Amino acid sequence: MALLERKDMADVNNNNNNNSSTGTEVSSNMTIYINNLNENIKIDELKKALHAVFSQFGKILEILAFKTLKHKGQAWVVFEDVQSASNAMRQMQSFPFYDKPMRIQYAKTKSDIVAKADGTFVPREKRRRHEEKGKKKKDQHDTNQVGVGLTPAYGGAYGTTPPLSQIPYLGGVKSMVPEAPAPPNNILFIQNLPNETTTMMLQMLFQQYTGFKEVRMVETKPGIAFVEYGDEMQSTVAMHALQGFKLQQYSMLITYAKK
DNA sequence: AGCACA
């Protein structure tokens with residue numbers, strides 16, 4: 001899966017522009033800057049969902065997002081190393097997240113948490129404050145149903161995820177693959193989910209596919225869920241699209257539900 | 001659209 005290697009190790013610790021000709025390129029950075037995020041998602045939920053989806057690329061030191069006008073729809077995900085950030089950027093580029101494709105770039109500057117770690121941190125006022133000129137405000141409203149409360153499932157410890165991707169295959173599921181594949185069904189059976197998974201997170205992933213009806217989780221059985229579509233063709237498309245999708249270090253296993 | 005350090 002790590003089929004993308006880069007020259008990134010060279011400039012891990014500086015933010016020089018590599019490409020001064022275009023002015024559009026930003027040097028690699030341990031932090032990715034994401035925009036085009038759905039602005040209706042509450043910050044807390046947004047951060048959790050981002051963590052769920054990005055922790056597969058490496059240890060996340062911090063996720064920053066703000067709800068101010070100037071910073072809505074944007075987030076910074078700080079990884080432990082550039083390689084993780086690079087992989088995250090490439091692999092999740094344009095990923096549909098709450099109905100909108102993520103736009104991911106390297107952050108322009110080093111994150112404070114990183115600067116503090118390497119001793120180069122300088123307090124705020126020394127830095128270039130970004131001044132903003134008046135802008136016309138356009139409407140922004142997406143209407144999707146993601147406003148339901150989310151339990152504070154994370155231990156808050158972003159740093160507890162194992163190092164990089166090549167994590168064996170976390171078990172926890174009895175019969176990982178059924179002997180014979182179940183016959184097609186408009187209901188999908190999802191296994192091997194992390195315990196922290198919420199209905200909202202799954203909805204976010206599955207509702208992008210046509211025919212999505214609902215997600216059902218079974219409180220008494222963590223790690224599994226059912227996702228219903230209008231018909232078998234629709235559920236099949238979603239199954240193939242999301243098969244093996246990683247939430248934290250867990251790879252989703254999707255099969256048709258038994259009838 | 002919008003690159004911060006809640």
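Predicted model only: the values in this text are computed from it and were never measured. Quick note on labels: first sequence line is chain A, next is B, and so on, each numbered from 1.
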Quiz item: Quick one: is K70(A) getting a side-chain N or O under 4.0 Å of the dG2(B) phosphate, OP1 or OP2?
Solution: no

Quiz item: L50(A) versus V53(A): any side-chain heavy-atom pair under 4.5 Å?
Solution: no

Quiz item: Does the distance from a Lys or Arg side-chain N to an Asp or Glu carboxylate O, for K59(A) and D81(A), drop under 4.0 Å?
Solution: no

Practice problem: Nearest whole angstrom, please: distance from the P of dA6(B) to the CG of L46(A). | Solution: 17 Å

Quiz item: Less than 3.5 Å between a donor and an acceptor, one on the side chain of T31(A) and one on the base of dA4(B), is that the case here?
Solution: no

Quiz item: For the pair made of CG in N38(A) and C1' in dA1(B), what is the distance, rounded to whole Å?
Solution: 15 Å

Quiz item: Among the nucleotides dC3(B), dA4(B), dA6(B), which one has an atom lying closest to any side-chain atom of T68(A)?
Solution: dA6(B)

Quiz item: Among all residues two or more places apart in sequence or in another chain, which pass the salt bridge (Lys or Arg N to Asp or Glu O under 4.0 Å) test with R216(A)?
Solution: E214(A), E228(A)

Self-check item: Contact nearer the 5' end of DNA chain B, comparing A65(A) with N36(A)
Solution: N36(A)

Exercise. Report the distance from atom CD1 of I104(A) to atom C1' of dA1(B), rounded to the nearest whole Å.
Key: 17 Å

Quiz item: Do Y33(A) and Y106(A) have ring centroids that are under 6.0 Å from one another?
Solution: no

Self-check item: side chain to side chain donor-acceptor pair (under 3.5 Å) partners of Y256(A), counting only residues at least two apart
Solution: T236(A)

Self-check item: Atom-to-atom span, CD1 of I63(A) to P of dA4(B) - whole angstrom
Solution: 18 Å

Practice problem: Please determine, for the side chain of N35(A), which listed nucleotide (dA4(B), dG2(B), dC5(B)) has the closest atom? | Solution: dG2(B)

Quiz item: Given atom CG of L69(A) and atom P of dA1(B), what is their separation to the nearest angstrom?
Solution: 15 Å

Self-check item: Aromatic ring of F66(A) stacked on base six-ring of dA6(B), 5.5 Å, 30°
Solution: no

Quiz item: dA4(B) P sits how many Å from L61(A) CG, rounded?
Solution: 19 Å

Quiz item: In whole angstroms, how far is the P atom of dC5(B) from the CD atom of E62(A)?
Solution: 11 Å

Quiz item: In whole angstroms, how far is the P atom of dC5(B) from the CZ atom of R124(A)?
Solution: 6 Å

